[in-house]
*Asks:* 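Dropping a structure here in structure tokens format, bear with me for questions.
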Amino acid sequence: MATRGSVKPFVSFNAKHDAEVLRKAMKGIGTDEDTILMLLAARSNDQRQEIKAAYKKAHGKDLGKDLRSELGGKLEDLIVALMAPPAIYDANELHKAIKGVGTEDQVLIEILASRTCDEIKDISKAYKKEHGGKLEKDIIGDTSGHYQRLLVILVQANRDEGVDESRVEKDAKELFAAGEEKFGTDEDKFINILGNRSAEHLRKVFDAYKKIAGCDIEESLKDECTGNLEALLLAVVKCAKSVPAYFAETLRESMRRAGTDDETLIRIMVSRSERDMLDIRAIYKKKYGESLYSTIQANTDGDYQKALLYLCGGND
């Protein structure tokens, strides 16, 4: 699969050499942050895992822990995120979101709406291995109602494959009948159709829906639902239409308010850097008339900014 990531495997890669460069950057008086962030942002996640192993072999120490003790603040958060394998990183983010005080629903919504079925299966396995509990059970313990039901369906990661032409029209009509046409909304219909059909099938359903309802499904959802359920359904719809467009919008939101939402910014830049960052950048520029690069520049500073810009990979 051709990757649309901004971060690619480093060509003349040598794990042992990189491990030594990092060791040197941390050893003297003061830490050479520049070297650390430049090196790690220019390696793929698989290569970072090899560097970790080489570092342990040469020094008997955990590279992740050493980096943590040398760095601070947002740069530390970013570098620690880069060092985790993707499924483990997502599992840890979900665990933090569930186990903290109150639930960080935004994190649950973003990850479970945007990852592929295979990715979600890997995340569930990593969650059990890293945290000893079952992701589904922890979600059930922390959420309720229709919102909980849709999260559980997404965690099952059993979406249908392909397009079932015979059902497109039927699904669209059912969604219309469940929402716009009805006094009070039949949430179950929305949950079952949006939670179980493939993205390509849903795109056809949304086209058919627009013809019947005279508006986009997003508009209907905003009218019909509220709170976390609305946010999750909207995220599922947006990701079915285009995952990169969903992330372009989420990045925009993270930097729009007074004070940047760094947790979201870090999570997206790290988790999409090897996947679809080039597409996210193109959509961002088209939609907002400025480059993602320049928005990051305006909203962050220091070494943290430098590292984010490396992950962004270029100014459009």
Side-chain angles (χ1 to χ4, degrees), residues 104-117 120 143 145-155 159-160 163-164 167-257 261 264 267-268 272 276 279-289 292:
E104 281 184 60
D105 293 291
Q106 188 194 343
V107 179
L108 296 187
I109 291 168
E110 180 200 302
I111 292 177
L112 294 175
S114 66
R115 304 304 190 250
T116 65
C117 288
I120 289 178
T143 57
H146 294 291
Y147 170 58
Q148 178 197 80
R149 280 205 44 213
L150 182 50
L151 287 171
V152 169
I153 288 174
L154 294 175
V155 171
R159 279 190 187 279
D160 309 335
V163 178
D164 180 351
R167 293 190 73 155
V168 170
E169 197 67 30
K170 191 171 164 280
D171 283 347
K173 283 183 175 143
E174 283 194 7
L175 289 173
F176 183 64
E180 292 286 347
E181 234 179 23
K182 192 167 175 281
F183 183 72
T185 309
D186 180 357
E187 286 95 345
D188 286 341
K189 274 280 184 288
F190 281 96
I191 288 168
N192 289 332
I193 292 173
L194 294 176
N196 287 307
R197 307 284 189 268
S198 73
E200 52 215 299
H201 181 89
L202 286 173
R203 288 195 287 273
K204 295 203 161 184
V205 172
F206 300 154
D207 289 340
Y209 183 90
K210 193 169 184 170
K211 289 194 185 97
I212 301 167
C215 68
D216 281 323
I217 184 138
E218 287 100 319
E219 288 173 54
S220 299
L221 287 172
K222 285 175 190 159
D223 291 343
E224 302 296 327
C225 305
T226 54
N228 287 327
L229 177 64
E230 178 195 351
L232 180 55
L233 285 166
L234 283 172
V236 169
V237 167
K238 285 171 185 170
C239 288
K241 288 186 171 183
S242 162
V243 170
Y246 168 71
F247 280 119
E249 194 180 312
T250 313
L251 282 167
R252 184 76 176 174
E253 284 296 304
S254 76
M255 294 182 278
R256 243 188 48 196
R257 302 184 192 84
D261 173 0
T264 299
R267 195 170 49 249
I268 298 175
R272 306 321 286 183
D276 48 11
D279 296 326
I280 293 170
R281 270 168 43 188
I283 291 166
Y284 191 95
K285 174 87 193 221
K286 204 172 147 198
K287 206 169 165 182
Y288 303 112
L292 176 59

*Asks:* Can you run down the salt bridge (charged side-chain N to carboxylate O under 4.0 Å, His left out) pairs that involve residues 231-240, sequence neighbours left out, and say none if there aren't any?
*Replies:* K238-E249

*Asks:* Atom CD of E110 and atom CD of E104: how far apart are they, to the nearest 0.5 Å?
*Replies:* 11.0 Å

*Asks:* Spell out, as yes or no, whether a donor-acceptor pair under 3.5 Å connects the side chain of E200 to the backbone of V163.
*Replies:* no

*Asks:* Show your working on side chain to side chain contact (heavy atoms under 4.5 Å, CB included) between L154 and R159 and close with a plain yes or no.
*Replies:* CA-CA 8 Å; L154 294 175; R159 279 190 187 279; 3.6 Å; yes

*Asks:* List the atom of A113, the atom of A235, and the distance in Å for their closest heavy-atom pair.
*Replies:* CB-CB, 3.7 Å

*Asks:* State the NZ-CD distance between K210 and E218, to the nearest 0.5 angstrom.
*Replies:* 9.0 Å

*Asks:* What distance separates L108 CG from L232 CG, expressed to the nearest 0.5 Å?
*Replies:* 9.0 Å

*Asks:* How far does OG of S114 sit from OH of Y246, to the nearest 0.5 angstrom?
*Replies:* 6.0 Å

*Asks:* Walk me through it: do E187 and L233 pass the test side chain to side chain contact (heavy atoms under 4.5 Å, CB included)?
*Replies:* CA-CA 10 Å; E187 286 95 345; L233 285 166; over 6 Å; no

*Asks:* Side chains of R197 and V205: closer than 4.5 Å at any heavy-atom pair?
*Replies:* no

*Asks:* Between D188 and R149, does any side-chain N to carboxylate O distance fall below 4.0 Å?
*Replies:* yes

*Asks:* Would you check, one step at a time, whether the test side chain to side chain contact (heavy atoms under 4.5 Å, CB included) holds for M255 with T264?
*Replies:* CA-CA 9 Å; M255 294 182 278; T264 299; over 6 Å; no

*Asks:* Starting at CG of D207, measure out to CD1 of I212 and round the result to the nearest 0.5 Å.
*Replies:* 11.0 Å

*Asks:* What I'd like to find out is whether the side chain of V107 reaches to under 4.5 Å of the side chain of R267, using heavy atoms alone.
*Replies:* yes

*Asks:* Can a salt bridge be assigned to the pair E219 and K222 using a cut-off of 4.0 Å between side-chain N and carboxylate O?
*Replies:* no

*Asks:* Please determine which of D160, D171, D164 meets the side-chain hydrogen bond (donor to acceptor under 3.5 Å, both in side chains) test together with H201.
*Replies:* D171

*Asks:* Between NZ of K287 and CG of L292, what distance do you get to the nearest 0.5 Å?
*Replies:* 13.0 Å

*Asks:* Is it the case that more than 12 heavy atoms not belonging to K241 sit under 6.0 Å from its NZ atom?
*Replies:* yes

*Asks:* Applying side chain to side chain contact (heavy atoms under 4.5 Å, CB included), run through V237 and L202 and close with a yes or a no.
*Replies:* CA-CA 8 Å; V237 167; L202 286 173; over 6 Å; no

